[in-house]
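Let me begin by presenting the structure, written as structure tokens, before commenting on it.
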Amino acid sequence: VSVPGASEAAEVQFPSEQTISKEVTILYGSQTGNAQGVAETGGKMLEGRGFQVNVLSMNDFKPNQIKKIQNLLIVVSTHGEGDPPDNALSFHEFLHGKRAPKLEELRFSVLSLGDSSYEHFCQTGKEFDQALEELGGTRLYPRVDCDLDYDEPAAEWFEGVLGGLNEPQRGNAAPSQATVPQTGETEYSRTNPFHAEILETINLNGRGSNKETTHLELSLEESGLTFEPGDSLGIYPENDPSLVELLLEEMNWDPEEIVTVNKQGDVRSLKEALISSFEITVLTKPLLEKAAHLSENKELRELLSPGSEERLKEYLEGRDLLDLLRDFGPWGVSPQEFISILRKMPARLYSIASSLSANPDEVHLTIGALRYESHGRERKGVCSILCAERLQPGDTLPVFIQHNQNFKLPKNPDTPIIMVGPGTGIAPFRSFLQEREEMGAEGKSWLFFGDQHFVSDFLYQTEWQKWLKNGVLTKMDVAFSRDTSEKIYVQHRMLEHSKELFEWLQEGAVFYVCGDEKKMAHDVHSTLLEIIEKEGNMSREKAEDYLAGMQQQKRYQRDVY
Ligand code: 2AM
């Protein structure tokens with residue numbers, strides 16, 4: 001047994017001023033493309049500062065190469081119940097498993113993306129940070145956990161990292177004072193959205209449907225924006241003006257009072273600010289903590305005290321800012337003080353439903369309207385209801401393209417594809433087939449679609465029929481769950497065709513799933529395993545390896561929400 005003693009320690013080389021490695025590896029784990037975007041933007045910044053930067057998706061990185069790396073940056077998001085994104089799974093497992101090497105030479109830092117309205121906020125980032133520390137790595141800058149509004153903290157983290165990279169001593173570097181030059185924003189982006197004109201809005205559902213699905217067409221003319229099938233469109237929506245009215249009445253505030261809405265000092269009327277600049281429909285623990293400083297109310301303090309975690313969780317569920325204001329007054333606070341504790345209006349991402357080659361200068365979306373009742377009040381999805389109820393052709397929306405490398409058509413047009421997309425999950429597959437038609441692709445394709453009723457909910461029905469007829473689509477199976485006494489879902493259709501489905505997989509088909517994460521994607525995953533197990537005569541463990549292998553080869557891709 002070798003005990004690390006003085007002699008060994010002395011062998012560790014501390015990089016001197018001259019030997020600071022200029023090589024930086026940035027690994028991202030990203031489901032929707034946010035972390036990927038941050039990694040790429042930050043990577044460019046570091047390159048501009050003279051570093052040799054390699055930006056990679058975690059599943060494009062050979063884990064045992066980590067021993068050769070000196071400077072590692074991790075940008076990773078968290079999903080569902082604190083889960084890593086699909087493309088981070090294998091690397092995450094590797095670092096937490098027996099094969100993980102000692103990493104005493106490694107300098108690292110972690111940026112985690114998350115949403116503070118979820119219990120397991122930034123969990124995956126925290127786990128990477130801890131694992132790298134336990135393996136012996138040294139932080140070149142402390143981990144930063146970002147909420148939905150991640151642009152600024154991410155830029156600050158990269159600045160801090162830059163300081164750490166330039167620091168020859170190991171150990172936690174102090175934040176760098178150097179400011180990152182603001183890149184001239186000539187291009188449209190997340191932080192500089194394009195105002196896209198609405199060309200058309202159509203309700204895709206027929207009479208008698210329980211659903212309202214908006215087909216939205218926007219113009220990208222003169223934006224210079226381009227996208228590929230599988231990418232998403234980000235939209236900055238507006239809050240419901242009638243909800244804002246209620247807030248203003250509750251607080252007895254003047255809608256026309258002028259307030260400052262950001263660090264840059266932009267001003268607008270309070271009413272406008274509440275409509276377009278801030279999130280008012282979601283409560284988070286950090287928000288309540290800040291609000292507790294603005295109210296004398298004892299009950300709010302109690303709710304936040306140790307031991308009340310369960311009650312707090314229950315309170316946050318399904319309530320909004322109006323509930324908070326009503327429940328915990330009186331508020332001796334100015335509008336300016338109050339809005340400064342709110343989260344910035346977050347962008348909503350929608351999978352793009354059209355192909356640029358089929359519809360130049362346009363982008364189409366498929367948006368399901370969200371309405372529900374909670375705590376005695378009707379609640380509405382911010383962006384989906386804006387699109388369903390208030391948008392007219394000629395209006396504009398601030399938008400940006402979110403590239404997503406995790407959901408892409410195979411490069412080879414001959415590769416077979418299997419697509420599972422119930423409900424609005426159908427969106428990217430309309431884009432896929434439009435693109436394959438334009439390309440004259442010859443590969444087989446198979447679509448599974450499901451919704452409640454055949455008559456009212458068969459989204460884009462005539463388009464699939466056209467593609468079945470002209471051969472762009474080879475096979476289609478549908479599952480209408482509420483037309484029969486027993487529910488039939490897409491995964492039941494998959495099982496009915498398990499033999500053929502497995503044959504397609506064996507031929508190298510790429511399997512895509514888009515739509516609801518919690519139930520549908522989970523059940524489709526289990527069904528896929530069941531099919532592989534049965535048709536491939538494999539044990540459960542072998543089937544899991546088979547599916548993990550597919551994931552590694554990017555032949556199992558998910559766009560789930
Ligand atoms: P349901 O509403 O009748 O339960 C699109 O929303 C379709 O997905 C609907 O037909 C819906 O059925 C169905 N769906 C609901 N839960 C599902 C699950 N766990 N797996 C697959 N489809 C599901």
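In this text, all values refer to a predicted model and were calculated from it rather than measured experimentally. This chain uses plain numbering: 1 for the first residue, then up along the sequence. Order of listing sets the numbers, starting from 1, for every ligand and every atom in it.
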Sorted by first residue and then second, give each salt bridge (Lys or Arg N to Asp or Glu O under 4.0 Å) pair with at least one member in residues 507-523; sequence neighbours left out. K444-E507
Taking the inter-plane angle between the rings of F407 and F429 on a 0 to 90° scale, is it parallel (under 30°), tilted (30 to 60°) or perpendicular (over 60°)? tilted
E200: partners by salt bridge (Lys or Arg N to Asp or Glu O under 4.0 Å), with sequence neighbours left out: none
For W467 and W464, take the angle between the two ring planes, folded into 0 to 90°, and tell me which bin it lands in: parallel under 30, tilted 30 to 60, perpendicular over 60. tilted
Residues which pass salt bridge (Lys or Arg N to Asp or Glu O under 4.0 Å) with E500, listed by chain and number, not counting sequence neighbours: K475
Ligand 1 polar-atom proximity to protein (N/O, under 3.5 Å):
{"unit_1": "ligand 1", "atom_1": "2 (O)", "unit_2": "Q452", "atom_2": "NE2", "d": "3.3"}
{"unit_1": "ligand 1", "atom_1": "2 (O)", "unit_2": "R482", "atom_2": "NH2", "d": "2.8"}
{"unit_1": "ligand 1", "atom_1": "3 (O)", "unit_2": "S481", "atom_2": "OG", "d": "2.6"}
{"unit_1": "ligand 1", "atom_1": "3 (O)", "unit_2": "R482", "atom_2": "NE", "d": "2.8"}
{"unit_1": "ligand 1", "atom_1": "3 (O)", "unit_2": "K487", "atom_2": "NZ", "d": "2.9"}
{"unit_1": "ligand 1", "atom_1": "4 (O)", "unit_2": "K487", "atom_2": "NZ", "d": "2.9"}
{"unit_1": "ligand 1", "atom_1": "4 (O)", "unit_2": "Y489", "atom_2": "OH", "d": "2.7"}
{"unit_1": "ligand 1", "atom_1": "6 (O)", "unit_2": "K211", "atom_2": "NZ", "d": "2.7"}
{"unit_1": "ligand 1", "atom_1": "10 (O)", "unit_2": "D451", "atom_2": "O", "d": "3.0"}
{"unit_1": "ligand 1", "atom_1": "10 (O)", "unit_2": "Q452", "atom_2": "N", "d": "3.4"}
{"unit_1": "ligand 1", "atom_1": "10 (O)", "unit_2": "S481", "atom_2": "OG", "d": "2.7"}
{"unit_1": "ligand 1", "atom_1": "12 (O)", "unit_2": "S481", "atom_2": "OG", "d": "3.0"}
{"unit_1": "ligand 1", "atom_1": "19 (N)", "unit_2": "D523", "atom_2": "OD2", "d": "2.8"}
{"unit_1": "ligand 1", "atom_1": "20 (N)", "unit_2": "Q491", "atom_2": "OE1", "d": "3.4"}
{"unit_1": "ligand 1", "atom_1": "20 (N)", "unit_2": "Q491", "atom_2": "NE2", "d": "3.0"}

Residue pair S77 / H79, side-chain donor-acceptor N/O under 3.5 Å: yes
